[in-house]
Structure formats: structure tokens, C-alpha cells
Amino acid sequence: MPEANRVSGPGPVTADDVQYAVRLAVAALRGAGAAADWDANAGSLEWSCRETIEHLADDLFAYAAQLGPEQPPSDTEVPFVWRAERSGAPANVIFADRGAGPAGLVQVLDACGGLLAAMVRVTPATVRAHHVFGLSDAEGFAAMGVVETLVHMYDVADGLGVEWAPDAGACDRVLARLFPDAPTGSDRWPTLLWATGRGEIPGHARLSQWRWYGAPGGER
């Protein structure tokens with residue numbers, strides 16, 4: 001799997017991390033192929049793999065959109081219309097054309113990841129925009145996009161039966177940025193799964209409720 005433009009070791013979360021996570025996801029999904037059951041449940045979620053990938057693309061798009069206006073919103077989302085295609089499915093702005101098949105679905109994810117990476121690169125560090133988990137800067141939205149990609153790909157990989165093993169350094173950076181209370185002495189990928197309610201780590205039971213903190217450390 002590619003290791004595109006990855007920042008090594010601890011440090012800030014950047015557009016390179018977004019690009020790394022999305023390109024890793026794209027490579028894994030392309031490896032599944034058209035013969036995979038894209039309508040199978042994504043791990044323990046009640047959404048299908050297709051719906052989960054659309055939801056992930058929608059998250060990346062929405063994070064980019066929050067940073068896009070000249071005056072980003074400080075108390076609400078940019079007012080796109082979200083809708084669900086069925087009861088219980090995620091409500092999205094972004095949907096892939098089913099007629100384009102799995103390749104088209106993956107391309108939608110790739111495009112939305114590119115939008116977020118581009119916005120993170122050009123947004124000044126002083127800019128803040130609304131997120132339900134805290135008024136955030138571009139680094140925070142980058143970290144959110146990386147977390148969404150890594151953990152939802154964990155769900156999708158389980159449903160599609162593909163390998164998914166992200167870089168520990170990327171996990172470490174998003175844990176430090178968004179989950180300040182997460183344990184620091186455990187392996188980073190299992191700890192990120194634990195922090196998002198997807199598993200246990202030694203000494204810490206699986207979480208039934210969880211959240212991240214989008215605001216920069218000095219502003220929480």
C-alpha cells in the first residue's frame with residue numbers, strides 16, 4: 001500500500017496526512033474489486049460498505065466546505081441539504097452514481113479527500129470554523145478527516161474482507177490532536193480504535209460513548 005507524502009513521527013496533522021490516509025483507502029478499496037459485496041454490512045455498523053464509503057466521502061467534503069467561505073461559520077454547518085436514501089442510512093450531501101460501479105464510488109472518495117487536503121493546505125492557521133465537537137482550525141479538520149478515513153475503512157475492510165493496517169505515526173498524530181486523554185503507552189492503531197469505540201486495549205474496556213476535541217489545545 002502507498003505511503004504517499006507521509007509525515008513521520010509525532011508532530012502536527014497536515015494535508016499530507018489526509019492525502020496519505022485517503023490514498024491508502026483508495027488502494028485498499030481498488031484491491032477489493034468489483035466482485036466484492038459492496039452492499040454487505042461494514043463491520044458492526046448498520047450501513048453497507050457502499051453507504052459507509054459515501055458517508056466517509058461526505059465527511060471529507062463537509063470538512064473542506066467548513067473551511068471554504070471567506071468567513072467560515074462559527075456556530076453551524078454550511079447549509080447544504082443532507083438526505084438519506086433509506087431509513088437508517090447516513091444522511092449525506094455526497095452520493096456516488098451507482099451506475100459508475102465500485103470504481104466510481106472510490107473515485108468520489110478520492111475526489112473528496114483531495115478537496116479536504118487542498119483546503120487544509122491553503123487555510124491560514126488563524127481560521128476557525130464550526131464543528132459539533134469544538135470550533136476547529138485547519139489542522140483539526142485534517143485530523144478529523146484522517147480519523148474518519150482510518151476508522152471507517154476499518155469497518156469497510158471487515159465487510160469487504162480486505163487488509164487494512166494504517167501507519168502508527170498517523171494514528172499517533174491524530175490521537176494527540178483530537179483525543180488528549182487517550183492512553184499514550186499502548187500501540188497507536190489499537191488505541192485509535194479504542195478511542196472511537198471499536199475495541200479494547202490492555203487496561204481499558206471498550207467505550208460505549210466517545211468523542212473527540214476539535215478545538216486547538218489552548219482553546220478547549
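Because the structure is a prediction, the values reported are computed rather than measured.
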> What I want to find out is whether Asp181 reaches Arg211 closely enough, with some N-O distance under 4.0 Å, to be called a salt bridge.
no
> What distance do Tyr213 atom OH and His131 atom NE2 have between them, rounded to the nearest 0.5 Å?
13.5 Å
> If you compare all heavy atoms of Thr149 against all heavy atoms of Ala21, which two are closest, and at what distance to 0.1 Å?
CG2-O, 3.5 Å
> Please tell me if the side chains of Ile201 and Pro183 come closer than 4.5 Å, counting only heavy atoms from C-beta onward.
yes
> Does any non-hydrogen side-chain atom of Val81 lie less than 4.5 Å from one of Val93?
no
> Could you check whether any side-chain heavy atom of Thr14 comes within less than 4.5 Å of a side-chain heavy atom of Glu139, counting everything from C-beta outward?
no
> Nearest 0.5 Å, what's the CG-CG distance between Leu60 and Leu116?
6.0 Å
> Any Lys/Arg nitrogen of Asp155 or Arg198 sitting under 4.0 Å from an Asp/Glu carboxylate oxygen of the other?
yes
> Grab the two heavy atoms, one from Pro72 and one from Glu70, that are nearest each other, plus how far apart they are.
CD-O, 3.5 Å
> Taking side chain to side chain donor-acceptor pair (under 3.5 Å) as the test, write out the residues that go with Asp137, two or more places apart.
Arg177
> Distance from Leu56 atom CG to Cys112 atom SG, nearest 0.5 Å?
8.5 Å
> For residues Trp164 and Tyr154, establish whether the separation of their ring centroids is below 6.0 Å.
no
> So, for Phe179 and Val147, which heavy atoms are closest and what is the spacing to 0.1 Å?
CE1-CG2, 4.2 Å
> Answer whether the closest heavy-atom distance between the side chains of His130 and Ser74 falls below 4.5 Å.
no
> Go through it in stages, so that I can follow the logic: the residues are His55 and Asp58, the test is side-chain hydrogen bond (donor to acceptor under 3.5 Å, both in side chains), and I'd like the CA-CA distance, side-chain angles, deciding distance and then a yes or no.
CA-CA 5 Å; His55 165 75; Asp58 190 79; 5.6 Å; no
> Looking only at heavy atoms, which two atoms of Val18 and Gly113 are closest? And how far apart?
CG1-O, 3.8 Å
> Enter the distance from Glu54:CD to Leu105:CG here, rounded to the nearest 0.5 Å.
6.0 Å
> What residues form a side chain to side chain donor-acceptor pair (under 3.5 Å) with Asp158, not counting sequence neighbours?
none
> Tell me whether the rings of Phe141 and Tyr63 are parallel (<30°), tilted (30 to 60°) or perpendicular (>60°).
tilted
> Looking at every heavy atom in both Cys171 and Pro166, which two are closest together, and how far apart are they?
SG-CG, 4.3 Å
> Given side chains that start at C-beta, do those of Arg128 and Ser136 come closer than 4.5 Å, heavy atoms only?
no
